[in-house]
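First comes the structure, then the notes that go with it.
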2 protein chains.
Amino acid sequence: MAQQTEAVRRAPLSRDRVLRAAVALADEIGIEALSMRKLAQQLGVVPMALYKHVANKDQLLDGMVDVVVGEIDPPAPESDWKSAVRQRILSARRALLGHSWAAQVVQSRARPTPVVLAYMDSVIGMFRTGGFSVDLTHHVMHALGSRMLGFTQELFDASPSPDPEAQAVVVPADAGKFPYVTELAMAVAHDEESVVGQGCDDQFEFEFALDLLLDGFERLRQQGWTSATPSGEKTA
Amino acid sequence: MAQQTEAVRRAPLSRDRVLRAAVALADEIGIEALSMRKLAQQLGVVPMALYKHVANKDQLLDGMVDVVVGEIDPPAPESDWKSAVRQRILSARRALLGHSWAAQVVQSRARPTPVVLAYMDSVIGMFRTGGFSVDLTHHVMHALGSRMLGFTQELFDASPSPDPEAQAVVVPADAGKFPYVTELAMAVAHDEESVVGQGCDDQFEFEFALDLLLDGFERLRQQGWTSATPSGEKTA
DNA sequence: ATGCATGGTGTACGGCGTACACCTGCGGCC
DNA sequence: GGCCGCAGGTGTACGCCGTACACCATGCAT
C-alpha cells in the first residue's frame, strides 16, 4: 500500500523527466528561484538524486534550453529565403516567449548544445540555399545574433511589473534631466491608450528590427557583397 | 605604529571606492567569482562594512555598470547624425570591452540607473536633432537594443579559451550532422590564417551589423517613415 | 546463490547574501 | 571638560545554495 503510493508518486525519473520538471518549475517560480533542491522536492526526491541524470546545474540549464528550442516549429517549405527565415525566427520567438526565463538562460550558456547547433545549422542552410555566399552568410548570422532565436535583450527589462509605479522609466521629478527620454516616453504612453496595456508593443519592435535587417541582407545579396566591399561603399 | 599601518591600509572607504574596487576585482577574477566577502577582503574590511555604502549586491552591480558607462567618451560635435551616433556607440563599445563582465552585467539589470538613462538620453537626442521623428526614434532605439551600448550578446560565447580544443564549435565527428555550420566554420578558420588568432573579427562583425542598421534608419528617415507604413511597404 | 550495475539516500562541507546587535571614535554642544 | 549622537566598521548567526562522497536497495545476468 505504502509501497504502491510510493510507486505511484514516483515515475522512474530520467533526464527527460528532470528537464521537463525544471522547465515547468522555472515557468512557475522564476529562474532565479530555481534550485536543485527545490527541483528535487518537486519531483519527490532527494536533491542528490538529480545528479544521476544531469552532471550539474549548468548542464541542467543547457538541457532546459534544449527543451525550449525543441518547441520551435520545423522549417516550413517556403519559396523565398526571406519569408522562410522570417517565419522560422518568429516561431522561435513564440517558443522563447512561452518561458519568461528562456532568453536570459540562453544568453548565459557558454557553448551551444547540439540541439541549438542543429537549429543554427538549419537557419544557415536557409541563407545558403537562398543564394547567399558563405562569406555573407557568416556576417549575416553574426548580425542576427540572439535575434536568430527570437529575442533581443533590451537594455532594461520592459516586462510588466505588478507595481505600475515601478514601471515608469523616469519619474516626473527627473523629467527635466532627461528631456529626450521623457519626450519619447510620453509619446509612447499616449499611444498606449489605443494599444491597451503599458509599455511598447514588443512584437512590433521585434519585427521592425528583424525586417530592417532582412531587407538589408537582401540588398547586400543582390549587389554581390563580399567582406572586401564594406556596406558603406558602392559596388561597381 | 600598528595604528599607522592600519591608517595607511585604510583609506576611509566610500561608495565610490567600493565601486571602483569591485570593478577592479571583477576584471581580475571574473564576475561570477565576485562576492561581497571577497570584495570586503580586498578592501581590508569585514563583509558587512560594505553595506554601509551599497544597499545590497544588486545595487553594487548597478554601480559597477555606472562606472563603466562613465568611461564612455562624451559626444563629439559632429555634423551628421550617423557619424555622431556611430562614433558614440563605438566609444561605448571600447569602454564595455575593457571589462569582460560588463555586457553580461548590463543585461542582468532590471532597470536603467540615472547614469545609463543619461547616456540613452544623449543618444536619443542625436537622432532627434538629426531629423528623426519621435516615433521613428522610438523604434530605432529598440532596434539598436544592447548594440546602443556597444555590444551584441552572441548566441554562444566566442571569447578565447585557454584550451584551443574547447574552442571548436563543432567537433570533427559531428561535422556530418551540421553541414552548414561546418562549411561556415571551415571558411572562417581559413581566413584566420591572415587575421591571426582564432574566431571571427568581432569588431568587424559589430560594425557590419551597426552600419547595416544605421543605413536602414537613414533610408526610413528619408522616406518619412511612420508606424503606419511598415518597412515592407513603399511610401508614396 | 551471487555479484554487479543502476539509481536513490544521508550526511556534510564550504560558500554565499545579509539581518541584527554591537562597539568605537569623532564633531558639536552645554 | 563632559556629554551625546551618529556615521561607519565589527561579530555573530541564519538560511540558502551546489555538490562531494559513502552508502544502500533493487533487479538482472550468471
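On a predicted model such as this, the values are computed, not experimentally measured, just so you know. Order of the sequence lines sets the chain letters (A, B, ...), proteins ahead of strands, with each chain counted from 1.
- Taking the six-membered ring where tryptophan is involved, the planes of Phe208(B) and His139(A) are tilted, since the angle between them lies from 30° to 60°.
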What's touching nucleotides 4-8 of chain D from the protein side, N or O pairs under 3.5 Å?
from: dG8(D); atom 1: N7; to: Lys52(B); atom 2: NZ; distance (Å): 3.4

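- For residues 49-63 of chain A, the salt bridge (charged side-chain N to carboxylate O under 4.0 Å, His left out) pairs, not counting sequence neighbours, are Asp58(A)-Arg109(A), Asp62(A)-Arg109(A).
- Side chain of Thr182(A) to main chain of Phe178(A): a donor-acceptor pair is present (N/O by atom type, distance under 3.5 Å, no hydrogens or angles).
- If you take CG on Leu19(B) and CZ on Arg17(B), they are separated by 11.5 Å, rounding to the nearest 0.5 Å.
- A straight line from CZ of Arg15(A) to P of dT6(C) spans 17 Å, rounded to a whole angstrom.
- Proximity of a side-chain donor or acceptor of Asp121(A) to a complementary backbone N or O of Tyr180(B) within less than 3.5 Å is detected.
- In this structure, Arg94(B) pairs ionically with Asp73(B), as a charged nitrogen and a carboxylate oxygen lie closer than 4.0 Å.
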Distances under 3.5 Å between protein N/O atoms and the N/O atoms of nucleotides 15-19 of chain C, please, pair by pair.
from: dC16(C); atom 1: OP1; to: Ser35(B); atom 2: OG; distance (Å): 3.0
from: dG17(C); atom 1: OP1; to: Met36(B); atom 2: N; distance (Å): 3.4
from: dG17(C); atom 1: OP1; to: Lys57(B); atom 2: NZ; distance (Å): 3.0
from: dG17(C); atom 1: OP2; to: Met36(B); atom 2: N; distance (Å): 3.0
from: dG17(C); atom 1: N7; to: Arg37(B); atom 2: NH1; distance (Å): 2.3
from: dG17(C); atom 1: O6; to: Arg37(B); atom 2: NH1; distance (Å): 3.2
from: dG17(C); atom 1: O6; to: Arg37(B); atom 2: NH2; distance (Å): 3.3
from: dT18(C); atom 1: OP2; to: Tyr51(B); atom 2: OH; distance (Å): 2.8
from: dT18(C); atom 1: OP2; to: Lys57(B); atom 2: N; distance (Å): 3.0

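- Within the 3.5 Å criterion, the main-chain N or O of Met148(B) finds a donor-acceptor partner in the side chain of Tyr119(B).
- What you find for Pro47(B) and Ala40(B) is that their closest heavy atoms are CA-CB, 3.4 Å.
- For the pair Leu43(B) CG and dG9(D) P, the computed distance is 10 Å after rounding to whole Å.
- Computed from coordinates, the Gln59(A) CD to dG18(D) C1' distance equals 15 Å when rounded to whole Å.
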